[in-house]
S.K.: 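So that we are looking at the same thing, I have put the structure below in structure tokens.
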Amino acid sequence: MNVRVRFAPSPTGFLHIGGLRTALYNYLFARHHGGTFVLRIEDTDQSRYVEGAEQDIIDSLEWTGMEIDEGPGKGGDFGPYRQSERKATYHEYAKQLVDQGQAYYAFDTVEEINEMRERLKKSGNPSPKYDSITRQSMKNSLTLSQDEVEKRMANGDEYVVRLKVPRKETVRFEDEIRGTVSFDTSGLDDQVLLKSDGMPTYHLANVVDDHTMKISHVIRGEEWLSSTPKHILLYKAFGWEPPVMAHLPLIMSPSGGKLSKRKAESEGIPVNTKDYIAGNYEPDALVNFLAYLGWSPGDDSEIHDMEELCELFTLDRVSKGGAVFNHKKLMWYNENYIRDHTVEELEPRVKELLDAEGYEIPSEEYLSKVIELLHERVSKIDEFASMGDFFFATPESYNEKALKKWKTNSAELVQAYKEKISELSGEEFEAAMLKDQLKEVIDAYDVGFGKLMMPLRIAVSGQGFGPDLFPAMELIGKEEVIGRLNTALEKLG
RNA sequence: GCCGCGUUCGUCUAGGGGUCCAGGACGCCGCCCUUUCACGGCGGUAGCACGGGUUCAAAUCCCGUACGCGGUACCA
């Protein structure tokens, strides 16, 4: 089979992290089978259209390393890839269904439909529908005379096209992830196919496009599962073979429920892909993490790059239950990937971050050494700039928590140490020597290592943690280090 | 409410009748390494939602209950 899959987001906002995972699974599936990955923009709801959303989607996919084979701006043999540009096609197919007697025109206003629902509710129907029963008492081409229908259309009256959903029928389909799923049509409305503004609904557009774009597998979120019978009915009405269906488990918030913007962000989880870009996350870490959120290759492996994931990914290994987003695990992945990158790879990116902070970088070698010293310690690349700020600027204040380690005898010890290293020549001012000097001081004062180490760290870096201090001091240089010790002695006594 | 889909350590998951008094990973805790911060290494903690069946045998199959999630629009 020629595998063709699509990622079909609607441009109603920035790309959600859940959407990104859906895209990823589609992409992995496509690449695994040597197939085609299509991006289709589902912009049929003009009232929710957000300017720039489409570009955000494209940028996000590019950032994670997913290559679009066909899509807006990219082209392909099945375009256009924006649904708003395919209106004529939908009208054609909607008309076909009406002509075949499987759909009909309906002229009811929103108010009239609400009225109908109210009325039915009052008479004891808990979930009123526009269905095979109620459509008989509504204003549509099934109840109105042909004359009347034609008159209304000619008159430019607003209308929708509705699917004639059979009264009592079981719709069954195979889901690649869930197995056989069945619904009874008695729970379905006569679905609107064409809206009164001339745009198709998702249901029509998605079926028509998936068929005309020769999509072989529909891989989408579980929120679509209940709509699938409508789609199956449509394929049947058109006489088309439906694509293989696969409904992905949803990504959940740690407190339960959908990973909504408000909820997630209050729990420290960015929801939009652009926040991960702006937040300087490693794209390969995000990809690896997301791939494992609802899928696993079945062995004990955890780390795989995009290429390996493409090779490993299969739908039968996708899990059924919702997956809670675990930010700490993401950070673990992020650390892994940072450690995996070489200093050379990191350098230009770190430089950019330092530039943005306005730091002056003495030399390329200097920067390389800083990165080396911090490489195993940072969780996110921007920490090279925050944790390593003291390599580029004299600390202006001291971390409050760290200050607790500045005890009454700290000044005395630091003073003694300063005097010792002041006598070193520039050449002697290197890590091993600096460490020896420290030993001599603590021996002389008969105190433990930490007694001098912590105050020294605070004085030099302003922080209570950070890279190996001796090579750091060597890098910063004698003059600056002694200056910082003097400042600390003044400020902290 | 109705319909649908789920449910294995706190979290992501492996496991699909006997090899499982359930394996890995994150987290957490402890130890080792390091007379600093980390990395790393080793170990520990903790789970088959519940109740019935079927079977010699059930985390695994069936039924029910509970709980969670999704859907129920001229939104996608």
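Just the heavy atoms: all of them, side chains too, but no hydrogens, waters or symmetry mates, feed the values below. Quick caveat, the model's predicted, so the values are computed rather than measured. Chain letters run A, B, ... following the sequence lines, proteins first, then strands; residues in each count from 1.
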S.K.: When you check the phosphate oxygens OP1 and OP2 of B:U36, does a side-chain N or O of A:Lys451 lie under 4.0 Å from one of them?
M.R.: no
S.K.: For A:Lys195 and B:A76, is the shortest distance between a side-chain N/O and OP1 or OP2 below 4.0 Å?
M.R.: yes
S.K.: Would you mind reporting whether A:Val161 and A:Tyr104 have side-chain heavy atoms less than 4.5 Å apart?
M.R.: no
S.K.: Can you figure out which of B:C74, B:A25, B:G70 approaches the side chain of A:Trp332 most closely?
M.R.: B:A25
S.K.: Give the rounded distance in Å between these two atoms: OH of A:Tyr90 and P of B:A76.
M.R.: 11 Å
S.K.: Sort out the partner of B:C39 for me: Watson-Crick or G-U wobble, both distances under 3.5 Å, none otherwise.
M.R.: none
S.K.: Just the rounded figure in Å: distance from P of B:G4 to NZ of A:Lys320.
M.R.: 17 Å
S.K.: Roughly how many Å apart are B:C56 and B:G40, using the C1' atom of each and rounding to a whole number?
M.R.: 49 Å
S.K.: I'd like to know if the side chain of A:Thr134 pairs up with that of A:Asp131 as donor and acceptor (distance under 3.5 Å, no hydrogens or angles considered).
M.R.: yes
S.K.: Side chain of A:Glu302: nearest nucleotide among B:C39, B:C5, B:A25?
M.R.: B:A25
S.K.: Suppose we define a pair by two distances each less than 3.5 Å, Watson-Crick or G-U wobble; what does B:U34 pair with here?
M.R.: none
S.K.: In whole Å, I'd like the distance from the CG atom of A:Asp197 to the P atom of B:A73.
M.R.: 18 Å
S.K.: Could you check which of B:U11, B:C3, B:C5 has an atom nearest any side-chain atom of A:Asn326?
M.R.: B:U11
S.K.: Are OP1 or OP2 of B:A76 and a side-chain N or O of A:Ser227 less than 4.0 angstrom apart?
M.R.: no
S.K.: Under a 3.5 Å limit for both distances, which nucleotide forms a Watson-Crick or G-U wobble pair with B:A25, could you say?
M.R.: B:U11
S.K.: Once you apply the 3.5 Å cut-off to both distances, tell me the Watson-Crick or G-U wobble partner of B:C74, or none.
M.R.: none
S.K.: Of all the choices, B:U35, B:C12, B:C28, which nucleotide is nearest to the side chain of A:Lys435 once you look at every atom?
M.R.: B:U35
S.K.: Pick base, sugar-phosphate or nothing for A:Arg220, based on heavy-atom distances below 4.0 Å to the nucleic acid.
M.R.: nothing
S.K.: If only side-chain N and O atoms of A:Arg339 are considered, is one of them under 4.0 Å from the OP1 or OP2 phosphate oxygen of B:C39?
M.R.: no
S.K.: Report the base-pairing partner of B:A46 (Watson-Crick or G-U wobble, both distances below 3.5 angstrom), or none.
M.R.: none
S.K.: So does A:Tyr49 get a backbone contact from the side chain of A:Asp43, meaning a donor-acceptor N/O pair under 3.5 Å?
M.R.: no
S.K.: Name the pairing partner of B:G51, where a pair is Watson-Crick or G-U wobble with both distances under 3.5 Å, or state none.
M.R.: B:C63
S.K.: Could you check how far CG of A:Leu194 sits from P of B:A73, rounded to whole Å?
M.R.: 19 Å
S.K.: Tell me if a side-chain donor or acceptor on A:Arg484 pairs with a main-chain N or O of A:Ser461 at a distance below 3.5 Å.
M.R.: no
S.K.: Can you check whether A:Val287's main-chain N or O pairs, donor with acceptor, with A:Thr64's side chain at less than 3.5 Å?
M.R.: no
S.K.: Can you find a side chain N or O atom of A:Ser296 that sits less than 4.0 Å from OP1 or OP2 on B:A14?
M.R.: yes
S.K.: Please measure how far the P atom in B:C3 lies from the corresponding atom in B:U60, and state the result in whole Å.
M.R.: 26 Å
S.K.: Under 4.0 angstrom, heavy atoms only, what part of the nucleic acid is A:Gly257 near: base, sugar-phosphate, or nothing?
M.R.: sugar-phosphate
S.K.: Would you mind reading off the distance between A:Glu54 atom CD and B:A76 atom C1', rounded to a whole angstrom?
M.R.: 16 Å
S.K.: Can you tell me the pairing partner of B:G18 across any strand shown, Watson-Crick or G-U wobble, with both distances under 3.5 angstrom?
M.R.: B:C56
S.K.: Under 3.5 Å, is there a donor-acceptor pair linking the side chains of A:Asp209 and A:Tyr90?
M.R.: yes
S.K.: Tell me the interatomic distance from A:Met331, atom CE, to B:U11, atom P, rounded to whole angstroms.
M.R.: 21 Å
S.K.: For A:Tyr333 and A:Glu302, indicate whether the former's side chain and the latter's backbone hold a donor-acceptor pair under 3.5 Å.
M.R.: yes
S.K.: Please confirm whether any donor atom in the side chain of A:Ser127 sits under 3.5 Å from an acceptor in the base of B:C2, or the reverse.
M.R.: no
S.K.: Which value, in whole Å, describes the distance between the C1' atoms of nucleotides B:G64 and B:U45?
M.R.: 35 Å
S.K.: Without decimals, in angstroms, what is the distance between A:Ile177 CD1 and B:U7 C1'?
M.R.: 17 Å
S.K.: Stacking between A:Phe449 and the base of B:U35 (centre distance under 5.5 Å, interplanar angle under 30°)?
M.R.: yes
S.K.: In terms of the nearest nucleotide of RNA chain B, which residue is placed more toward the 5' end: A:Val324 or A:Arg178?
M.R.: A:Arg178
S.K.: How many Å lie between CD1 on A:Ile303 and C1' on B:G24, as a whole number?
M.R.: 13 Å
S.K.: Using both distances under 3.5 Å as the test, list the Watson-Crick or G-U wobble partner of B:G68, or none.
M.R.: B:C5
S.K.: What integer number of Å spans the C1' atoms of B:G24 and B:G44?
M.R.: 16 Å
